[in-house]
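Fair warning: this is a prediction, and the values are worked out from it, not measured in the lab. Below, read A as the first sequence line, B as the second, and so on, with proteins coming before strands; counting in each chain starts at 1.
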Amino acid sequence: MSSAFPLLTLTIWLPIIGGVAVLASGDKAPAVSKWVALVFAVLTFVVSLGLWGGFDAASAEMQFVERAPWIPHFDVYYHLGIDGISLPLIVLTTFITIFVIIAGWEVITYKPSHYMAAFLIMEGIMVGVFSALDAILFYVFWEAMLIPMFLIIGVWGGPNRVYATIKFFLYTFFGSVFMLVALIYMSFQADSFGILDFHSLQLGLTEQVLIFIAFLLAFAVKVPMWPVHTWLPDAHVEAPTGGSVILAAIMLKIGGYGFLRFSLPITPDASSTLDWLIIAMSLIAVVYIGFVALVQQDMKKLIAYSSIAHMGFVTLGFFIAFMIFARSDVESGAVLGIQGGMVQMVSHGFISGALFLCVGVLYDRLHSRQIADYGGVINTMPVFGALLVFFAMANAGLPGTSGFVGEFMVILASFRADFWFAVLAATTLILGAAYTLWMVKRVVFGPVASEKVAGLKDANGRELFVLGSLALAVLILGIWPAPLVEVMEASIQHLVEHIAVSKLPGAALPVAVHL
Amino acid sequence: MENVYLTIVLAPLLGSIIAGFFGGSIGRAGARWVTIIGVGISTLLSLYVLKLFIFDDQPVFNQAIYTWMVTDGISFEIGFLVDKLTALMIAVVTFVSLMVHIYTIGYMADDEHNWPKDSLAGRNSYQRFFSYISLFTFSMLMLVMSNNFLQLFFGWEAVGLVSYLLIGFWSTRESAIFANLKAFLVNRVGDFGFILGIAAIGMYFSSMDYAEVFAKAPELADARMPVWGDTTWSVMTVICVLLFIGAMGKSAQVPLHVWLPDSMEGPTPISALIHAATMVTAGIFMVARMSPLYELSEAALTFVMVIGATTAFFMGLVGLVQNDIKRVVAYSTLSQLGYMITALGASAYAAGIFHLMTHAFFKALLFLAAGSVIIAMHHNQDIRHMGGLRRYMPITWITALVGSLALIGFPGFSGFFSKDAIIEAVALSRVSGAGYATLLLTLGVFITALYSFRMYFLVFHGRGRMDEHTRHHLHESPPVVWVPLVLLAIPSVIIGWIAIEPLLFGDWFKDVIYVAPEHAVLAQLGEHYHGQWGFILHGLVAWPFWLAMAGLGLAAYVYWYLHARRPQLEDELRERFAWAYRVLDRKYGFDDFNQTVLAGGSRGLGETLWSAGDRKLIDGWIVNGSARAVGWFAQRARHLQTGYLYHYAIAMILGLVVLLALFVAL
């Protein structure tokens with residue numbers, strides 16, 4: 001289905017044009033550039049709502065497709081389109097960006113126009129990643145994304161930002177080089193750079209395994225999965241608040257998205273063969289990282305580790321599908337797992353974004369992220385404290401918040417694969433609550449810990465608007481996840497049908513098809 | 001009816017939202033009224049619904065309210081199931097909650113004194129408290145009115161959340177925020193099992209709906225699930241035990257009971273709410289609701305029974321050495337919950353629910369009476385500093401006496417009927433472990449009477465041991481405090497007499513609770529039931545009655561008669577039985593174990609994984625190691641670029657020679 005009006009192009013380029021405009025306006029009139037940035041962010045969000053409105057949830061086809069020759073010589077197309085997997089992530093991107101702009105409003109004093117511009121450009125690029133259907137276009141967006149983030153951390157970051165940026169850059173770049181090789185290899189096989197053409201590519205098991213590993217290196221770093229996660233805490237600690245929010249809320253999701261768009265459909269047999277590896281890595285992320293998060297003294301590090309643990313649910317949900325196929329006594333659950341992973345990604349976008357914003361609110365006042373420097377914040381910032389407790393509960397997966405939905409679905413699905421997977425996954429109920437609420441106890445509750453805390457002022461209107469909006473999103477998604485689940489249902493159903501069929505010529509099914 | 005049911009649930013929620021978000025603008029009176037009206041409406045409607053079920057043959061309501069989501073063939077819904085069990089529960093929950101709301105007006109009137117002067121959290125704390133207790137009521141109602149496992153879990157966790165907020169209500173107190181974190185985490189350990197149980201249900205039944213699951217359950221009676229290698233476990237046992245782990249958290253059964261005594265850090269009204277009507281009853285209710293599942297697994301029933309009996313007896317023992325008035329009552333709650341759980345294990349679900357109901361009234365009464373004493377004592381909670389209070393606060397005294405008699409099962413009082421029924425039913429049970437349970441429950445009666453009346457005599461009789469200032473100000477609490485006491489005392493006396501016939505031996509639970517014929521202990525008991533008088537007369541010649549009297553008598557002798565003459569007697573006893581005292585005082589070491597082994601171990605493990613795994617292995621060796629390796633290589637390679645022209649010239653010539661040689665050779 002092709003739309004007459006290039007809505008996707010608009011969603012990608014509107015913020016980028018806005019970013020350039022903000023950049024051009026310079027810092028002579030910071031107020032103007034901030035407002036311009038905000039207007040563009042809101043407009044982009046409105047446009048993305050147009051995508052949601054015009055999206056046909058009953059269809060698994062790519063929608064809002066645009067296709068134009070880009071580099072004809074190499075058969076590269078400017079090819080865009082979205083399905084139920086990309087749409088929620090695009091809307092999440094445009095939604096979160098608004099709050100990042102608002103959150104930086106008074107806080108960023110050094111070159112605010114550049115700061116705003118970086119986030120707008122980033123937004124366009126990320127939407128591009130989620131909607132590219134041409135491998136080269138995807139790769140360009142994918143790598144381009146690193147540049148604004150590199151600058152955001154490098155320019156507005158903390159004291160140790162050089163180590164963090166280099167580590168971040170090298171880690172992610174290391175991963176993506178192999179992906180490029182895989183993409184080029186497949187383009188030769190398929191005689192096309194079309195990602196959908198890759199999906200139907202018939203590949204032998206060895207080829208699949210190699211391609212799978214190349215993708216894994218790229219995506220596992222982005223998610224990040226244990227054991228390639230150590231760049232994340234460093235990057236978060238050094239990043240300015242907005243950078244952390246985008247990093248946690250959107251950039252990590254690109255890794256998860258990559259698994260669904262590339263690894264699963266292109267290399268289903270390799271995914272099925274190596275599912276134990278991903279599941280092991282995911283469960284280690286949930287349990288090991290849960291314990292590591294418990295002992296963090298820096299709030300941002302703690303939330304960063306909690307992100308890794310929560311993203312473990314995403315990859316677990318995605319790959320549990322193959323174990324479910326392999327069991328003869330279980331009829332369904334694959335869709336549940338993958339959907340759960342998706343819901344978890346969206347929810348984690350809200351919650352981790354909000355938690356990083358909360359830390360930002362505190363950091364802006366006391367210039368410390370150390371848990372030990374706080375205590376009794378509720379006595380001076382009661383409204384903010386209540387919101388922080390709310391987000392902490394959401395992070396701990398309390399039913400009624402979005403944090404519960406994805407975890408619940410993945411636990412339900414993993415029980416169908418193996419009892420012990422579910423047992424390990426469910427430890428998050430205890431560990432997640434332990435590290436999150438222990439932090440809350442030491443930061444929010446208790447008597448006023450110091451003179452500094454005694455002098456804190458409660459969140460202002462701007463901060464309340466940002467946190468309140470996110471709280472509302474977390475609550476709505478927790479109480480009524482049906483709209484989100486429905487919009488992705490057809491696409492994920494289609495994906496599951498696709499990956500349940502072996503690509504190996506004449507091979508017995510890797511999987512019995514029960515759909 | 002849907003609207004009636006919705007109103008029952010939503011009225012407290014609405015009150016809570018208004019009081020919570022607009023507490024500042026509507027003020028204390030506004031918050032109080034809006035929540036009391038909300039819960040009041042719920043109470044009236046719940047009583048109306050109960051009346052419909054008793055007299056008008058009200059049909060069962062089982063309907064979805066809205067669809068939470070549909071995925072993979074399972075429909076997750078929010079919906080209500082209102083049958084006779086639910087009707088009874090909502091009546092108890094809302095009534096006790098309403099009493100607690102009214103009582104709170106008086107109890108929390110001076111709450112600003114509990115906060116540091118400049119704490120903004122202390123501003124509007126009164127309104128916030130009302131908001132929380134209404135939210136608590138809402139959560140519990142959602143839990144008991146649910147018609148599916150998803151919403152059950154919602155209510156389950158929401159109750160945990162509100163208890164977290166309430167136990168840590170005085171958030172500037174270190175002990176309170178320790179207790180609330182502990183309560184939440186211990187409950188989460190239970191929920192860990194519970195969610196796995198729900199996942200198992202999702203897998204084997206592909207549905208979250210009670211009715212569908214119960215209908216399909218018999219088909220899975222003999223199903224087994226692979227666990228490890230060739231080992232298989234019975235599906236029903238796994239499901240029931242996992243769900244019961246959740247109940248052990250909420251209903252505070254050994255070893256997940258540790259949060260409950262600490263929850264005394266919260267203001268007294270919530271102790272009454274938690275211990276009587278909400279939260280701790282959730283586990284009992286859940287197992288009774290799931291009777292069609294539990295009946296299919298005798299192993300699970302044994303597990304339930306043994307855990308319950310252990311809790312009932314051993315936690316009662318700990319109650320003997322407590323000196324904090326609220327903690328004595330708290331341990332008695334643990335013990336009584338153990339009785340209810342044991343009843344469930346003996347398949348006497350109705351007896352468990354019956355005891356839940358009588359206990360809700362007399363335990364709420366005892367807590368609120370304790371609170372009334374605490375107000376009079378200026379928040380000194382140590383019973384060793386009390387004494388003779390009956391002269392100053394006659395209403396509190398009489399109501400507390402009523403509550404205590406009900407608790408020990410004095411013939412005719414409500415607790416007598418429910419507790420006797422449980423013990424008799426367990427004695428008839430043929431599930432393994434029933435002998436152990438019968439013995440512990442019977443002995444437990446003696447312990448119950450002993451600690452209850454130890455407290456009663458130390459508080460209300462004898463010589464006043466408080467300081468002069470306190471004694472001078474002793475007086476009966478205001479009507480908002482004592483009216484709820486009286487209103488709770490009435491059902492504490494009569495409800496057993498009224499309810500025993502329909503609940504236990506009538507057909508109240510006929511279509512609600514399923515008991516397999518081979519487990520039908522209550523039906524067996526019913527064959528010998530000839531009215532309340534007969535039941536009482538039969539009780540008078542049975543062990544529990546005499547043990548209760550012995551406990552009461554001993555308490556009276558030691559803590560009333562002897563205590564007046566030898567006040568140091570208890571200290572002497574303590575020294576004489578130092579080892580036993582130590583074991584009980586340390587609460588069998590559960591807290592120490594959790595604190596050092598579990599909490600300390602987790603932190604140590606986290607520390608190790610972080611420093612050895614993340615920082616040393618991954619970052620130190622692999623990441624920075626690769627960086628160093630690259631750096632080392634670059635260092636070496638850099639020497640190639642010396643910047644001297646003749647070096648490059650030589651290199652070029654050498655290269656040329658090599659290439660030429662190659663060409664020639666080829």
Side-chain angles (χ1 to χ4, degrees), chain A residues 167 170-171 227 230-231 288 291-296 330-336 339 376 378-382 385 393 396 398-400 404-405 408-409 411-416 419-420 422-423 426-427 429-430 433-434 437-438 441 444-448 454 458 479-482 485-486 489, chain B residues 66-74 116 118-123 150 153-154 156-158 160-161 164-165 168 171-174 177-178 180-181 184-185 188-189 191-192 195-196 198-200 202-203 206 225-228 238 602-603 605-607 609-610 613-615 617-619 622-623 627:
Chain A
K167 194 171 177 180
L170 287 182
Y171 241 121
T230 60
W231 63 272
Y288 169 114
F291 279 108
V292 172
L294 196 59
V295 296
Q296 297 306 312
V330 182
E331 284 165 8
S332 63
V335 173
L336 186 66
Q339 261 178 349
I378 194 97
N379 295 304
T380 45
M381 305 175 73
M393 282 293 174
L398 192 82
F404 167 70
V405 188
F408 180 65
M409 292 166 84
I411 291 174
L412 249 57
S414 50
F415 201 100
R416 291 163 184 241
F419 174 67
W420 298 105
V423 169
T427 55
L429 256 73
I430 306 166
L437 295 181
W438 194 30
K441 169 178 182 274
V444 177
F445 296 136
V448 173
D458 208 340
I479 293 176
W480 195 40
V485 171
E486 277 162 20
E489 174 87 25
Chain B
Y66 76 91
T67 304
W68 193 64
M69 68 172 185
V70 182
T71 172
D72 223 351
I74 306 183
D118 47 357
S119 168
L120 296 180
R123 203 185 281 175
L150 174 78
F153 193 69
F154 263 67
W156 198 260
E157 288 268 281
L161 165 75
Y164 172 81
L165 296 173
S171 70
T172 50
R173 297 182 185 174
E174 210 49 66
I177 59 175
F178 174 82
N180 77 339
L181 182 62
F184 197 83
L185 290 184
R188 269 292 168 111
V189 174
D191 298 348
F192 161 79
I195 202 168
L196 287 173
I198 293 176
M203 172 168 172
S206 284
M225 57 181 270
V227 182
W228 196 269
V238 169
S602 300
R603 279 196 299 269
L605 182 61
E607 209 57 77
L609 290 175
W610 188 43
D614 264 35
R615 288 198 297 192
L617 186 69
I618 298 178
D619 263 0
I622 300 174
V623 176

Problem set entry | Polar side-chain atom of B:R603 near backbone of A:L294 as donor-acceptor pair, under 3.5 Å | no

Problem set entry | A:W420 (side chain) donor-acceptor with B:V227 (main chain) under 3.5 angstrom | yes

Of the backbone (N, CA, C, O) and the side chain (C-beta and beyond), which part of [X] lies under 4.5 Å from a heavy atom of chain A, both, or neither?
{"X": "B:L617", "result": "neither"}
{"X": "B:L181", "result": "side chain"}
{"X": "B:V189", "result": "both"}
{"X": "B:T67", "result": "backbone"}
{"X": "B:F192", "result": "both"}

Exercise. Given A:M381 and B:L120, is the side chain to side chain contact (heavy atoms under 4.5 Å, CB included) satisfied, shown in steps?
Worked result: CA-CA 7 Å; A:M381 305 175 73; B:L120 296 180; over 6 Å; no

Quick one: which of [options] has the most heavy-atom pairs under 4.5 Å with chain B, could you say?
{"options": "A:D458, A:V444, A:V423, A:L170", "value": "A:V423"}
{"options": "A:A433, A:P481, A:P382", "value": "A:P481"}
{"options": "A:W480, A:Y288, A:F419", "value": "A:Y288"}
{"options": "A:L398, A:I378, A:T427", "value": "A:L398"}

May I ask you to name which of [options] has the most heavy-atom pairs under 4.5 Å with chain A?
{"options": "B:L185, B:D614, B:I618", "answer": "B:D614"}
{"options": "B:A158, B:A200, B:G168", "answer": "B:A200"}
{"options": "B:G122, B:G202, B:S206", "answer": "B:G202"}

Exercise. By a 4.5 Å heavy-atom criterion (distance strictly below it), what part of A:Q296 contacts chain B: side chain, backbone, both, or neither?
Worked result: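 Only the side chain of A:Q296 comes within 4.5 Å of chain B.
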
Problem set entry | Test item: A:V405 and B:W68 side chains (from C-beta on) under 4.5 Å apart, heavy atoms |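 A side-chain contact exists here, since the closest heavy-atom pair is under 4.5 Å.
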
Exercise. Within a strict 4.5 Å, meaning less than it, do heavy atoms of the B:V70 and A:V485 side chains meet?
Worked result: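 Heavy-atom side-chain distance check fails, nothing below 4.5 Å.
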
For this session: Go through the side-chain N and O atoms of A:S332 and A:R416 and say whether any donor and acceptor fall under 3.5 Å apart.
Result: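 Yes, side-chain donor-acceptor contact under 3.5 Å.
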
Exercise. If you draw a 6.0 Å radius around CZ in B:R123, do more than 12 non-hydrogen atoms from other residues or ligands fall strictly inside?
Worked result: no

For this session: Could you walk me through whether A:M409 and B:M69 pass the side chain to side chain contact (heavy atoms under 4.5 Å, CB included) test, one step at a time?
Result: CA-CA 11 Å; A:M409 292 166 84; B:M69 68 172 185; 3.4 Å; yes

For this session: Verify side chain to side chain contact (heavy atoms under 4.5 Å, CB included) between A:I411 and A:L429, making sure each step is shown before the conclusion.
Result: CA-CA 11 Å; A:I411 291 174; A:L429 256 73; 4.2 Å; yes

